[in-house]
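These numbers come from a predicted model, not from an experiment. Quick note on labels: first sequence line is chain A, next is B, and so on, each numbered from 1.
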There are 2 protein chains.
Amino acid sequence: MKPVTLKEIAETLNISVTTVSKALKDYPDVSKKTRKLVRETAAQLNYRPNSFAVNLRTKESKTIGLIIPEVVHHFFSTVIKGIIAQAEKKGYFVIILQSNESYELEKKQIDLLMSKHVDGILISLANETSDFKHITDVMDQDKPIVMFDKIAKIVNCSKVIIDDRKAAYMATQHLIDTGCKRIAHFRGPLLPQNSIDRFLGYKKALLDNDLPYDSSLVYICDCSDKSFEEGKNNAAQLLKDHSDVDGIFINTDMVAIGAITEFNKRGIKIPEDISIVGFSNWFMSSAITPTLSTIDQPGYQMGKMAFKQLYKELKALKQQKEVHPKIIELETSLVKRDSTKTLI
Amino acid sequence: MKPVTLKEIAETLNISVTTVSKALKDYPDVSKKTRKLVRETAAQLNYRPNSFAVNLRTKESKTIGLIIPEVVHHFFSTVIKGIIAQAEKKGYFVIILQSNESYELEKKQIDLLMSKHVDGILISLANETSDFKHITDVMDQDKPIVMFDKIAKIVNCSKVIIDDRKAAYMATQHLIDTGCKRIAHFRGPLLPQNSIDRFLGYKKALLDNDLPYDSSLVYICDCSDKSFEEGKNNAAQLLKDHSDVDGIFINTDMVAIGAITEFNKRGIKIPEDISIVGFSNWFMSSAITPTLSTIDQPGYQMGKMAFKQLYKELKALKQQKEVHPKIIELETSLVKRDSTKTLI
DNA sequence: CGCGAAATCGAAAACGTTTTCGATTTGTTA
DNA sequence: TAACAAATCGAAAACGTTTTCGATTTCGCG
């Protein structure tokens, strides 16, 4: 009933605990004979090292923390999956906590993870977060932290990102290329770096093509769990405000699908009346009618890379090596579908 | 730089480690004066108990394991969210592992969690799983385990479920009530209890209404990440096989949406030609055209309840009390939308 | 056989906490 | 003031592992 310990193996074999421990870890200073003997009885008694004791001794938990703004979110789900898969390969566990896009909660969650002594932290920042002391505090304690997707440029840690500005530029340029002259933008919240960058990419594309930038064509949405509704509302509002708009670049696919739904309901033809490009390549974007042109954002890959970088830093730290923060930029691509078309 | 320990607090105060420890836990045998003193210096030195040592001493990790077939899944996301939220309230962490619907992987993940000494396990079984020794092994080691959604009736542990049979009956009855005479079923895989139950509910509703059960009207789909495609394929196949079908009860919303997409493409009118009812009330079901009638399945609630039950058992076990497995059944409801209508 | 080197082993400390139980001090009452 | 109860404290063991360092044994070789 009681779990088997090194001591019990030692007793049944009439050798010391030390030797048993060393035998199981293939230390060179224990003879092959006893090594084999120990292995066998350990297997026979179904020995499992007590991870609590190992943790205490080695000061490692083989566990990392993951803080995410929102678990119920398709893109983040794929990131989580990438992280978990990669962590498992390296024998790490992942503890997931949510920030609910709240700065206070984010701080609390970091605190919890630190008191739990996770070996490292992966984080995508909350929309609210504009102060980063809680992050730098972690770094000051020599605990590696890697940001992904929603990052802070000012913090000097490793990051896994896409070039949001470039991607948004690509999306907007595509609208222009297919003939749009007056292009609106449904942007995300004001603080997060990626919604800023997407906005800037949109703006730059306009200016590079000698199209005037009109701030009244920029609509804000939270991109919360109400995204879909926001898309509908913004679409309705846009129709009221500007009858001349012929294209929209939208911050996320879900908002875009909300907008499409609203346009469909009102008999606005896509892409004949209005062309739309979304962002993230959520699988539903190929299911909606019309199918949605969008930017492909590699979530799984992002999770995978984020863990890989964290793992590198964990190893470096263990060997007392210097770690240099690294910025990993993943490629995005434009996926052309039916919501954008060159009209004759 | 080094984290402060009880010992250091004791030294700065010239008292024993014992007293410090007891003071921090409000033991009655330390005077109020020293208790306050200890608290203050602990706060001042920013003392954090070393969780590794606490774990080792108390044999608790305040961590539970969660095994889920697939993280990238809207329903499971909401369950995860419910679990994490509730766990946090009680000071528990959640380690998430995926089974990818594989029995072998599920076994391995349980093994990992056991070796990590999680305090308890929450699990939704993989489709492949038909042997349950790995589950009963956990129970034999007095580690509480609670199943949710995809459960095994034969295993005597606590479960949080819905009445899939009743819900499916409701869905099918609704199709019949709106005038359908020949109703197909896109069912899930053969092994999981819930897809069996949904099939049985469908069948019973037919028979209770004196409609013949025709096994050729039952189509199987994996409900994997290819769900959407499967919906399209099954829909296309159905049109080839049976031109007289006027209603379908579909195992999940995502498959249903795939089917709707296919029907839309082919000019089949919903609900005029074919009525459709899905399952789970995924938010996209109110976004698709036409909106999808479905069964509301309370994911968040299910996660919350699953953790609550596990927590109860953890507490009972700590107090050496007997634990009685409990089956918690959550209510479902029919959500009527545009994909089903009584036609005049 | 003797000597040094190499191979093999084990005692013990350490990780930081919790908790038992005995020791000491303080307070109370006759 | 003596005697006892109550309050307050601390020594030490325990949780199970890892690792250092010294002790012992074995071996090779002259």
Side-chain angles (χ1 to χ4, degrees), chain A residues 1-39 41-42 45-63 91 114-117 119 141 318-320, chain B residues 1-39 41-42 45-63 91 114-117 119 141 318-320:
Chain A
M1 204 75 274
K2 288 272 148 196
V4 201
T5 68
L6 288 184
K7 199 174 159 194
E8 293 173 56
I9 300 181
E11 277 165 4
T12 63
L13 254 60
N14 258 337
I15 56 177
S16 78
V17 173
T18 310
T19 310
V20 176
S21 172
K22 288 200 255 191
L24 290 174
K25 320 200 91 203
D26 273 329
Y27 270 55
D29 65 341
V30 36
S31 71
K32 293 208 195 295
K33 203 187 297 173
T34 44
R35 238 189 278 186
K36 205 180 130 211
L37 206 61
V38 169
R39 294 199 158 288
T41 50
L45 296 179
N46 194 26
Y47 167 75
R48 305 292 194 84
N50 180 319
S51 56
F52 297 158
V54 178
N55 289 346
L56 180 59
R57 227 355 263 246
T58 63
K59 299 185 178 312
E60 280 188 331
S61 60
K62 290 281 179 184
T63 302
M114 291 301 282
S115 74
K116 192 71 186 183
H117 287 254
D119 295 343
Q141 303 199 26
K318 213 167 158 183
Q319 298 165 12
Q320 317 263 27
Chain B
M1 206 75 272
K2 289 269 147 196
V4 277
T5 68
L6 288 184
K7 198 174 160 195
E8 293 173 55
I9 300 181
E11 276 165 5
T12 64
L13 255 60
N14 257 336
I15 56 176
S16 78
V17 174
T18 310
T19 310
V20 176
S21 172
K22 288 200 254 190
L24 290 175
K25 320 200 90 202
D26 274 330
Y27 270 55
D29 65 341
V30 35
S31 70
K32 293 207 194 296
K33 204 187 298 175
T34 44
R35 236 188 280 185
K36 208 180 126 209
L37 206 62
V38 170
R39 293 198 162 290
T41 49
L45 296 179
N46 194 25
Y47 167 75
R48 305 292 195 84
N50 181 319
S51 56
F52 297 158
V54 177
N55 289 346
L56 179 59
R57 230 350 265 245
T58 63
K59 299 183 178 312
E60 280 188 331
S61 60
K62 290 281 179 183
T63 302
M114 291 302 281
S115 75
K116 193 69 186 182
H117 286 255
D119 295 342
Q141 302 200 27
K318 214 168 158 182
Q319 299 163 12
Q320 315 263 25

Under 3.5 Å, N/O pairs linking protein and nucleotides 17-20 of chain D:
{"unit_1": "D/dT17", "atom_1": "OP1", "unit_2": "A/Y47", "atom_2": "OH", "d": "2.5"}
{"unit_1": "D/dT17", "atom_1": "OP1", "unit_2": "A/N50", "atom_2": "N", "d": "3.4"}
{"unit_1": "D/dT17", "atom_1": "OP2", "unit_2": "A/L6", "atom_2": "N", "d": "2.7"}
{"unit_1": "D/dT18", "atom_1": "OP2", "unit_2": "A/S21", "atom_2": "OG", "d": "3.1"}
{"unit_1": "D/dT18", "atom_1": "O2", "unit_2": "A/R57", "atom_2": "NH1", "d": "2.1"}
{"unit_1": "D/dT18", "atom_1": "O2", "unit_2": "A/R57", "atom_2": "NH2", "d": "3.4"}
{"unit_1": "D/dT19", "atom_1": "OP2", "unit_2": "A/Y27", "atom_2": "OH", "d": "2.7"}
{"unit_1": "D/dT19", "atom_1": "O4'", "unit_2": "A/R57", "atom_2": "NH2", "d": "3.3"}

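The two residues A/A42 and A/L24 have their closest heavy-atom pair at CB-CD2, 4.0 Å. Minimum heavy-atom separation, B/V54 to B/P49: CG2-CB, 4.4 Å. Considering every non-hydrogen atom in both A/V4 and A/L45, the closest pair reads CG2-O, 3.1 Å. Between A/S51 and B/S115, the shortest heavy-atom contact is OG-O, 3.4 Å.
Rounded to an integer number of Å, the gap from CG of B/L24 to P of D/dC9 is 14 Å. D/dT8 atom C1' lies 18 Å from atom NZ of B/K36, rounded to whole Å. Rounded to a whole Å, the CD1 atom of B/I15 is 17 Å from the P atom of C/dT25. Rounded to whole angstrom, the span from the NZ atom of A/K33 across to the P atom of D/dT25 amounts to 16 Å. Rounded to whole angstrom, the span from the CG atom of B/L13 across to the C1' atom of D/dT8 amounts to 15 Å. The interatomic distance linking B/H117 (NE2) with D/dC15 (P) rounds to 14 Å, in whole Å.
With the nearest nucleotide of DNA chain D identified for both B/R35 and A/L56, B/R35 has the one nearer the 5' end.
Using five terminal pairs a side, the axes of the helix from C/dC1-D/dG30 to C/dA30-D/dT1 at its two ends make an angle of 50°, given in steps of 10 degrees.
The side chain to side chain donor-acceptor pair (under 3.5 Å) analysis of residues 52-62 of chain A, with sequence neighbours excluded, yields the pairs A/E60-A/K318, A/S61-A/D119.
Distances shown here put a side-chain N or O of B/S31 below 4.0 Å from the OP1 or OP2 atom of D/dC9. Neither OP1 nor OP2 of D/dA7 sits under 4.0 Å from any side-chain N or O of B/K32.
Salt bridge B/D29/B/R35: absent, no basic N to carboxylate O contact under 4.0 Å.
No side-chain donor from either of A/T63 and A/K116 sits under 3.5 Å from a side-chain acceptor of the other. Using modelled atom types, one finds no donor on one side chain facing an acceptor on the other under 3.5 Å when comparing A/S21 with A/T18.
In this structure, A/T34 contributes its side chain and A/V30 its backbone to no donor-acceptor pair below 3.5 Å.
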